[in-house]
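Following: one structure in structure tokens, then a few remarks.
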Amino acid sequence: MSDKEDLESMCKRRGFVWQSAEIYGGGSGFYDYGHLGTKLKENWKKAWKDFFLGLDENYHLLDTTNILPYKALEASGHVDHFSDILIKCERCGSSYRGDHLIEDETGESAEWMDLEEIKSKLGELKLQCPNCGGDFMDPENFNMMFKLEIGPTGDNIGFLRPETAQGIYLNFNREYRALRKRMPMGLATIGRAYRNEISPRQGLFRQREFEQAELQIFFVPSAHKKFFKEKYDNEKKIYMRVKRPGWEETKEIDVTEMENLPEFFLYHLMKIYQFYRDIMEIKEENIRLRELSDEEKAFYNKIHFDLEIYFDTLGGWKEVDGLHYRSDYDLKKHQERSGQKMSIPTDDGRKVPHVVELSFGVDRNIWALLDKGYKTDDRNWFDLPPKLAPYTGAVFPLVRKDGLPEKSREIFEDLNEHFDMFWDKSGSIGKRYARQDEIGTPYCMTVDYDTLEENTITVREIRSGEQIRVEVKDLKKVLKNLLEGKKTFEEYMKED
RNA sequence: GCGGCUGUGGUCUAGUUGGCUAAGACUCAAGCUUCCCAAGCUUGCAUCCCGGGUUCAAAUCCCGGCAGCCGCACCA
């Protein structure tokens, strides 16, 4: 079995994630999370919110609809541009992107062309199928958005949103007023987005329905330069692994070596890097920031870095998060189409804020944790940051007699009011450790005869397999210290 | 979407020139045992992707669908 199949099998067996509607054969690009996967995902989202909303008191969380009206997505450009023009060969059935065919022939970008322009250009160039030399059928527009009919008449058209960002832009004005005419510096949302991929593969990595965690930062470059410069200057001591266009290799560089980029961008770039290094505890050798070249990035993005992780299960570097400087494109577009003012007053007159967007694929991040954490060395275990693990701890009786199960149950119930805990008495003690190892439970506590006599209990750590003995009355404090990183397990071992 | 390969208990697999009650390992559950890392014993649950066809008889052959893998294409 490949790494990917091995991991997918564990995910199904233990209750993390699997294909949606699988009793009917499933659907390509749709996945459901089981009880453990859901806990893991909830913990990730909490960690994300704590970290990014904690960056500034003026960063806020919103919750916006999955369905958006036609006009909103027309204004954002998605109705016209979030699509491919597909051309099919009438002989062999191969399909191609119209703009790519034209680009290959002419060497010039054809991405801007609409259906009619592509059609006439194709006729002009007299192109034929690169695969078999056959003639092409008429080009068709394939929009990647899921189209919906709203209400009973069928003529009110909407879409499932292709990105959560639009929900934020649409609410900018309202939030501005609700915050008593103070510009929301950051508006975040975690929610579903939908893209009708032609042929999704790679499991959780490319789905048709997926979850995004996005933080949109609003600012007026002239008015807020100082604000971000201060934030950046306070923290600019950091080395990051970066790959920029034209560089052969990923290099470890000091953030100050990129000071040709603006502070608002560098500040968030550092924060993103720290999130993966410190919160998700991904080894730095598996993280890099990659800047996209002009050809790769969308036309409205002025600066675009992706955070990439090396996935063993997918055989390469893959994007899990992007940082995009979208300029004032989004708010300007909505201002134009809606007729609503999206500008804020500054010393320099009214200005439409610019946006820098932090866009995380939640499911991709979950897969990153699974990919990087799942180990099959001398045991099968899942190495997770303790705070993200589905269960924080488990409590067992060493044997099933002499009152040990009852005592362990008592301790479990007490701890379970404060942490996500698991209790198990079936099988042998080794089996119970093994079960928790596989789902990444960081701490296992075993009630033995000494517990009955002295009220102490063993705490075993997943990574080392080592144990410490602590007083039952101190358990909560010890777990809390371990979770919050106030004290390491090694430090407790030395004291022991 | 195209081409090739594939789909068997919860998981992984055997069985596929049509033919006996579809087999094994692990898992899981109940119990026994067990003084710390998947031990052992007993008992038990559960399967041929879906639909149609051929046939006395289909997990096996044929058709359609769905899904997965590989390659192509695609991934604003």
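Each chain gets a letter, A, B and so on, in the order its sequence line appears, and its residues count up from 1. Worth saying up front: this structure is predicted, and the values here are computed from it rather than measured. Values below: every heavy atom of this structure, side chains too, minus hydrogens, waters and symmetry copies.
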Spacing of the [atom1] atoms in [M] and [N] (rounded, Å):
{"N": "B:G65", "M": "B:G1", "atom1": "P", "result": "10 Å"}
{"N": "B:C28", "M": "B:G64", "atom1": "C1'", "result": "37 Å"}
{"N": "B:C5", "M": "B:G9", "atom1": "P", "result": "22 Å"}
{"N": "B:C61", "M": "B:G19", "atom1": "P", "result": "10 Å"}
{"N": "B:U60", "M": "B:U8", "atom1": "C1'", "result": "11 Å"}
{"N": "B:A30", "M": "B:G68", "atom1": "P", "result": "35 Å"}
{"N": "B:G10", "M": "B:A46", "atom1": "P", "result": "10 Å"}
{"N": "B:A76", "M": "B:G4", "atom1": "C1'", "result": "31 Å"}

Please tabulate, for the side chains in residues 407-415 of chain A, all donor-acceptor contacts under 3.5 angstrom to protein atoms that are two or more places apart in sequence or on a different chain.
unit_1   : atom_1 : unit_2   : atom_2 : d
A:Ser408 : OG     : A:Leu404 : O      : 3.4
A:Ser408 : OG     : A:Pro405 : O      : 2.7
A:Ser408 : OG     : A:Trp423 : NE1    : 2.9
A:Arg409 : NE     : A:Glu413 : OE2    : 3.0
A:Arg409 : NH2    : A:Glu413 : OE2    : 3.4
A:Asp414 : OD1    : A:Lys476 : NZ     : 3.3
A:Asp414 : OD2    : A:Lys476 : NZ     : 3.3

Tell me the interatomic distance from [X], atom [atom1], to [N], atom [atom2], rounded to whole angstroms.
{"X": "A:Lys12", "N": "B:C28", "atom1": "NZ", "atom2": "P", "answer": "18 Å"}
{"X": "A:Arg208", "N": "B:C74", "atom1": "CZ", "atom2": "C1'", "answer": "12 Å"}
{"X": "A:Phe82", "N": "B:A76", "atom1": "CZ", "atom2": "P", "answer": "7 Å"}
{"X": "A:Phe210", "N": "B:A76", "atom1": "CZ", "atom2": "C1'", "answer": "11 Å"}
{"X": "A:Glu197", "N": "B:G1", "atom1": "CD", "atom2": "P", "answer": "14 Å"}
{"X": "A:Ile198", "N": "B:A76", "atom1": "CD1", "atom2": "C1'", "answer": "12 Å"}
{"X": "A:Asp32", "N": "B:A67", "atom1": "CG", "atom2": "P", "answer": "15 Å"}
{"X": "A:Arg195", "N": "B:C74", "atom1": "CZ", "atom2": "P", "answer": "17 Å"}

Once Watson-Crick and G-U wobble pairs under 3.5 Å are found, how is RNA chain B written in dot-bracket notation, 5' to 3', with | for any base paired to another strand?
(((((((..((((.....[...)))).(((((.......)))))....(((((..]....))))))))))))....

For residues A:Asn66 and A:Arg192, is any side-chain donor paired with an opposing acceptor at under 3.5 Å?
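No, no side-chain donor-acceptor contact under 3.5 Å.
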
Report yes or no: do A:His304 and A:Glu296 form a side-chain donor-acceptor pair below 3.5 Å?
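Absent: no donor and acceptor within the cut-off.
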
Nucleotide nearest A:Ser9 when distance is taken to its side chain, options B:A76, B:A29, B:C12
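Selected nucleotide: B:C12.
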
Hey, is the side chain of A:Ser28 poking within less than 4.0 Å of OP1 or OP2 on B:G68, counting only N and O atoms?
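Yes, within the criterion.
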
Between A:Phe210 and A:Tyr194, is the ring centre distance below 6.0 Å?
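Between A:Phe210 and A:Tyr194, the centre distance exceeds or equals 6.0 Å.
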
Report the residues that fulfil salt bridge (Lys or Arg N to Asp or Glu O under 4.0 Å) with [X], sequence neighbours left out, ordered by chain and then residue number.
{"X": "A:Arg400", "result": "none"}
{"X": "A:Asp294", "result": "A:Lys297"}
{"X": "A:Lys12", "result": "none"}
{"X": "A:Glu211", "result": "A:Lys41, A:Lys45"}

Starting from the 5' end of RNA chain B, give me the residue, A:Tyr300 or A:Gly26, whose nearest nucleotide shows up first.
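Looking at the nearest nucleotide for each, A:Gly26 comes out on the 5' side.
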
If each of A:Gly29 and A:Glu22 is mapped to the nucleotide of RNA chain B with the nearest heavy atom, which maps nearer the 5' terminus, i.e. the 5' end?
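Its nucleotide being nearer the 5' end, the pick is A:Glu22.
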
Could you identify which residues of residues 311-331 of chain A place a heavy atom less than 4.0 Å from some atom of RNA chain B, listed by residue number, or say none?
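Contacts with RNA chain B under 4.0 Å: none.
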
For A:Phe489, does the six-membered ring have the charged nitrogen or CZ of A:Arg463 within the cation-pi criterion, i.e. under 6.0 angstrom from the centroid and within 45° of the normal?
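No cation-pi geometry.
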
So, does the side chain of A:Arg201 form a donor-acceptor pair with the base of B:C74 at under 3.5 Å?
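A donor-acceptor contact between them is absent.
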
Classify every nucleotide of nucleotides 33-49 of chain B by which part a protein heavy atom approaches to under 4.0 Å, writing B for the base, S for the sugar-phosphate alone and - for neither, in 5'-to-3' order.
-BBBBBS----------

Give the table of side-chain donor-acceptor pairs shorter than 3.5 Å for residues 309-318 of chain A, with sequence neighbours excluded, one pair per line with atom names and distance.
unit_1   : atom_1 : unit_2   : atom_2 : d
A:Asp312 : OD2    : A:Lys372 : NZ     : 3.3
A:Thr313 : OG1    : A:Trp367 : NE1    : 2.9
A:Thr313 : OG1    : A:Asp371 : OD2    : 2.5

Among residues at least two apart in sequence or on other chains, which ones pass ring pair (Phe, Tyr, Trp, His ring centres under 6.0 Å) with A:Tyr391?
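Expected list: A:Phe422.
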
According to ring pair (Phe, Tyr, Trp, His ring centres under 6.0 Å), who are the partners of A:Tyr443, at least two apart in sequence or on a separate chain?
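Listed in chain order: nothing, the list is empty.
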
Could you note down all residue pairs passing ring pair (Phe, Tyr, Trp, His ring centres under 6.0 Å) where residues 2-31 of chain A supplies at least one of them, sequence neighbours left out?
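Ring pair (Phe, Tyr, Trp, His ring centres under 6.0 Å) check on residues 2-31 of chain A returns A:Phe16-A:Phe382.
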
